[in-house]
Every structure is written in C-alpha cells, then in structure tokens.
Amino acid sequence: MRVIFLGLAVPNMNEYHNMFTELVVEFRNNGHDIMVVAPTYDEKVFGMQIEDGIPTLRVPTLELFGVGKIQKGLATLLLPYQYKRALKKSKIDLNFDLVMMPTPPITLVNVASWLKRKYGSKMYLILRDIFPQNALDLGMMNPRGLAYTYFRKKEKEMYNASDYIGCMSPGNIDYVKKHNPEQDANKLHLLPNWAWLQPNLEQQEIIKIKEQYDLLDKFIVVFGGNIGKPQKMENIVALAKSCSSNKEIFFLIIGGGNEKEHLDKMILQEGLSNVRVKDFLSREEFFKVLQIADVGLISLSENFTIPNIPSKSLVYFNAKVPILASVDLNTDFGTQLENIGAGLWAEAGKTEILKEKLMQLYKNPDKRKKMGENGYLYFKNNLLASMAYEKIISRVKNT
C-alpha cells in the first residue's frame with residue numbers, strides 16, 4: 001500500500017524517533033511504500049530527504065514551536081498551503097492509497113481532502129488533541145471569537161473528511177460522539193498511544209545515575225516532558241511545598257516549554273529546596289534518568305473538559321515506575337491507571353488528597369514495585385508501536 005503521513009512534530013529520523021515516526025517505521029518494516037511530509041528542522045534541510053530509509057519531504061514553514069499564540073496560529077493556518085505547494089513541486093506520484101494525519105494540527109485536513117478528491121485516497125485520522133476545545137479550556141480562546149468559530153468548523157470538516165478515526169481512549173470516543181452527533185460513529189475506534197519497548201537498566205547503572213545527581217538517599221519523584229499550561233505546574237509546586245518538611249522526598253522536573261520560566265519563579269518564591277528543574281534531555285537520556293524515580297508524576301489542568309490521555313505514561317510504564325497522576329475529572333486516564341494497577345490518582349487542584357496518595361506510595365515499597373511491574377506488563381502487552389500498526393491496518397483493510 002502507498003501511504004503518505006502528514007506530520008507536524010517529526011524529528012530528524014536519522015537521529016531519533018518519536019511516537020509518530022515509530023509508527024511510520026512500522027509501516028515501512030511491514031512492506032508499505034510510505035512517505036512523510038513535515039516541517040524542516042533546519043533551514044538548510046528542505047525538499048525530499050531520506051531519513052532512516054524513509055522518503056521525507058521537508059517543508060520550510062514559519063516557526064511553530066516556542067512562539068506566541070498569534071505567530072503559532074498564523075503558522076498553522078499557512079501550513080496546508082505550504083505542504084500542498086511543496087507536494088506539487090516535488091514531482092512525485094501523489095496517488096496514495098492512504099493519507100494519515102495526526103492532530104495537532106487540524107488545518108492539514110486541507111491537504112488530506114485535496115489528495116482524497118484528486119486521487120480517491122482513504123484518510124486515517126490519528127486523533128490525539130481535541131482542538132479547539134483544549135485551547136478553550138485553558139482560556140486561550142474566546143468561545144464567541146472568530147478563531148474558535150473558524151477552528152471548530154475546521155474540526156468538523158476534519159471528521160467529515162476522515163474515513164477512519166483512531167481515538168486514545170473510550171472516553172475520547174464518547175466525547176467525539178457526544179459533541180459531534182452528526183458524525184458516523186462507525187468511523188471511531190480505539191487506538192491507544194504507543195511506543196517501542198526500550199531495555200531497562202541494571203540496578204548498578206541506576207545507582208550510578210543517582211550518585212551523579214546527588215540523590216542517592218532520596219525518595220525521588222520525577223516529572224518529565226512539556227512544561228506548559230496543559231500541565232498546570234502550579235499543582236506540582238503545591239505538592240512539593242506540602243512535602244517540604246520531609247527531607248527525604250525530592251522532586252526532579254525535567255523538560256521545557258512556555259511555562260518553564262513561570263515554574264522557576266514559583267519555586268524561587270516558595271523557597272523550595274526539594275525541587276530541581278533540568279532542561280530537556282534526549283529521549284534516551286531521559287529514559288535512563290527516569291529509572292532512578294520511585295514515582296513518576298503526571299499533571300493535567302483541572303480546567304480540561306476533554307478526556308486527555310498523557311503519552312508520557314508510556315515511558316513511565318516502560319521504566320517500571322509507578323505513576324501518581326493529578327488529573328481533571330473528565331479524563332478516563334485515572335480510571336485506566338487504577339484498572340491496570342499501575343498507579344494512583346487524585347483530582348487536579350486537590351493538593352492534600354494528592355499528597356495522601358503520594359504518601360501511600362512513599363510508605364509502601366512493595367506496592368510501588370508491584371505497580372511498576374503491572375504498568376510494564378500492560379505496556380508490553382497492549383501499547384507497542386507494532387500493535388498500533390496492526391490496529392490501523394486491520395481497520396483499513398476490513399472496512
């Protein structure tokens with residue numbers, strides 16, 4: 001099958017992979033002729049490239065990450081026109097059997113619809129962010145504003161154009177059905193987040209990393225990933241403050257994002273000596289450092305009305321680290337976590353309850369170990385990239 005993947009966050013695949021490019025590799029490894037279209041990661045690298053053996057059309061765009069919302073909005077609006085122009089200029093055969101696109105962004109539906117109309121391609125939507133509702137929840141849009149009206153219309157257009165829609169959780173499926181009743185519910189099916197299984201470190205290597213970070217005698221709580229409004233870092237700071245009298249518990253935050261400066265200021269203002277913030281590590285390095293954790297933190301804003309499923313849970317599962325989740329009441333992630341037996345959760349913003357759950361883990365090493373093993377087994381049996389590929393290809397072939 002000839003497949004085109006319209007991506008946004010696509011790293012240089014010669015150097016490393018993320019969730020989406022791992023899926024692309026699975027298609028390639030299963031004999032499909034797959035091509036990727038994505039923004040340039042370097043202004044000197046554009047046009048058709050071969051990355052990890054995969055044809056990849058790199059398109060010059062406006063800056064999409066680490067910029068203000070107006071610039072990001074403009075860049076997102078221009079993206080489909082830039083992709084379409086690059087595809088036309090590339091002189092390649094655009095008669096693809098399947099067009100795949102993840103969210104974000106939703107504007108790439110313009111490119112997918114164009115290929116569908118012109119060549120009769122099928123379209124598979126990998127629904128990860130439910131936009132623009134997530135922006136509305138975080139106060140980044142006005143529900144009566146032009147931006148929200150435009151993007152909500154574009155969202156409906158995207159669902160209409162899709163032949164198949166892979167959703168992260170049963171809660172996601174229910175949400176899309178409820179808020180888009182005009183859509184054919186048969187398009188929707190379960191496609192959980194996925195990753196490749198990475199080998200875990202030996203205990204001696206873990207001790208060396210603890211020594212390197214001067215955390216040998218600490219109970220280590222790690223948060224890793226994006227530091228932005230969706231993660232509501234105020235809730236993590238509040239948890240750390242509530243634990244400040246216990247000199248053994250230490251919070252290690254690794255990552256970056258639009259709220260990192262704000263996070264640093266909060267820690268300084270509260271005078272917290274039990275929190276350390278480090279910049280992004282490479283994916284491989286972060287996975288190594290994560291294995292020193294006694295607990296892995298997940299945080300989502302209590303303002304969300306959509307059921308988000310944080311993809312960082314996969315790396316926690318892989319590292320055999322039990323999860324403590326501070327999440328909104330609209331996500332089914334907390335329920336999933338409990339059903340798997342891989343961690344505990346509390347409603348975001350309820351610091352005392354979250355602390356109580358953390359202390360349960362702190363006082364019970366056997367429980368932590370069992371939860372870590374449960375998460376690892378669940379990941380290995382349900383959430384591998386090869387399994388995501390099988391779900392997609394089975395859906396496409398059988399409907």
Side-chain angles (χ1 to χ4, degrees), residues 16-19 21-22 192-227 231 236 239 249-256 275-300 309-327 333-334 336-345 357-358 360-362 364-388:
Y16 68 98
H17 287 277
N18 64 13
M19 184 172 78
T21 62
E22 287 173 354
N193 291 324
W194 62 86
W196 285 335
L197 185 68
Q198 300 179 70
N200 289 47
L201 298 177
E202 298 292 333
Q203 190 60 35
Q204 285 181 320
E205 296 172 287
I206 293 171
I207 291 170
K208 280 183 183 177
I209 297 172
K210 283 187 177 181
E211 289 174 340
Q212 179 189 332
Y213 279 76
D214 194 25
L215 294 173
L216 200 54
D217 300 319
K218 299 291 187 182
F219 179 88
I220 305 164
V221 182
V222 172
F223 173 91
N226 188 52
I227 298 173
Q231 287 72 40
I236 291 178
L239 178 63
I249 299 175
F250 192 86
F251 292 78
L252 180 60
I253 299 173
I254 303 170
V275 184
R276 187 185 307 165
V277 182
K278 285 189 64 69
D279 288 334
F280 269 122
L281 298 173
S282 71
R283 198 178 184 196
E284 292 75 17
E285 280 303 309
F286 175 67
F287 181 63
K288 288 177 183 177
V289 173
L290 178 60
Q291 290 173 74
I292 72 172
D294 295 286
V295 172
L297 265 182
I298 282 173
S299 179
L300 291 174
I309 303 295
S311 60
K312 71 164 62 74
S313 59
L314 298 176
V315 71
Y316 292 162
F317 290 155
N318 195 161
K320 300 185 179 181
V321 172
I323 292 173
L324 177 65
S326 167
V327 294
F333 177 71
Q336 286 184 13
L337 199 59
E338 286 186 343
N339 290 342
I340 298 165
L344 302 174
W345 72 281
K357 298 293 176 74
L358 176 60
Q360 285 182 36
L361 296 171
Y362 171 69
N364 197 332
D366 290 339
K367 187 173 190 174
R368 295 198 306 270
K369 183 175 172 59
K370 178 63 175 170
M371 285 180 166
E373 291 290 345
N374 288 344
Y376 181 78
L377 288 173
Y378 182 79
F379 171 58
K380 202 165 79 165
N381 293 331
N382 298 277
L383 304 175
L384 299 183
S386 58
M387 297 169 183

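Heavy atoms only: backbone and side chains are in, while hydrogens, waters and symmetry mates are out.
Judged by distance alone, the side chain of E338 and the main-chain N or O of G334 form no donor-acceptor pair under 3.5 Å. D294 places a side-chain N or O within donor-acceptor distance of the main-chain N or O of I220, the cut-off being under 3.5 Å. Using modelled atom types, one side-chain atom of N382 and one backbone atom of Y378 make a donor-acceptor pair closer than 3.5 Å. Here the side chain of R368 pairs no donor or acceptor atom with the backbone of V321 at under 3.5 angstrom. Using modelled atom types, no side-chain atom of K278 and backbone atom of I254 make a donor-acceptor pair closer than 3.5 Å. Under the 3.5 Å distance criterion, the side-chain polar atoms of W194 are matched with a main-chain donor or acceptor of M19. One N or O on the side chain of N200 and one on the backbone of N318 form a donor-acceptor pair closer than 3.5 Å. The main-chain N or O of G372 is never found under 3.5 Å from a side-chain atom of Y316 such that the two would form a donor-acceptor pair. Judged purely by atom type and a 3.5 angstrom limit, Q291 has no side-chain atom pairing as donor or acceptor with the backbone of I206.
Side-chain contact between F219 and L358 is present, with heavy atoms from C-beta onward closer than 4.5 Å. With a 4.5 Å cut-off on side-chain heavy atoms, S326 and I236 do not count as touching. Residues L384 and F379 meet the side-chain proximity criterion, which asks for heavy atoms closer than 4.5 Å. A 4.5 Å side-chain heavy-atom check between I209 and L201 finds at least one atom pair inside the cut-off. Between I309 and Q336 there is a side-chain heavy-atom pair separated by less than 4.5 Å. Between L239 and V221 the shortest side-chain heavy-atom distance does not fall below 4.5 Å. The side-chain heavy atoms of F280 and I227, taken from C-beta on, include no pair separated by under 4.5 Å. In this structure, F333 and S313 have side chains that are in contact, with non-hydrogen atoms separated by less than 4.5 Å.
Heavy-atom neighbours of E284 CD from other residues, nucleotides or ligands within 6.0 Å: above the threshold of 12. Around CG of N339, the count of heavy atoms belonging to other residues, nucleotides or ligands within 6.0 Å exceeds 12. Under a cut-off of 6.0 angstrom, the local environment of CG in D217 is sparse, with at most 12 non-hydrogen atoms contributed by other residues, nucleotides or ligands.
Using a cutoff of 4.0 Å between basic side-chain nitrogens and carboxylate oxygens, K288 and E285 are scored as salt-bridged.
Considering every non-hydrogen atom in both N226 and G256, the closest pair reads OD1-O, 3.3 Å. What you find for I323 and L361 is that their closest heavy atoms are O-CD1, 4.5 Å.
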(request) Walk me through it: do Y213 and R276 pass the test side chain to side chain contact (heavy atoms under 4.5 Å, CB included)? (result) CA-CA 10 Å; Y213 279 76; R276 187 185 307 165; 3.8 Å; yes
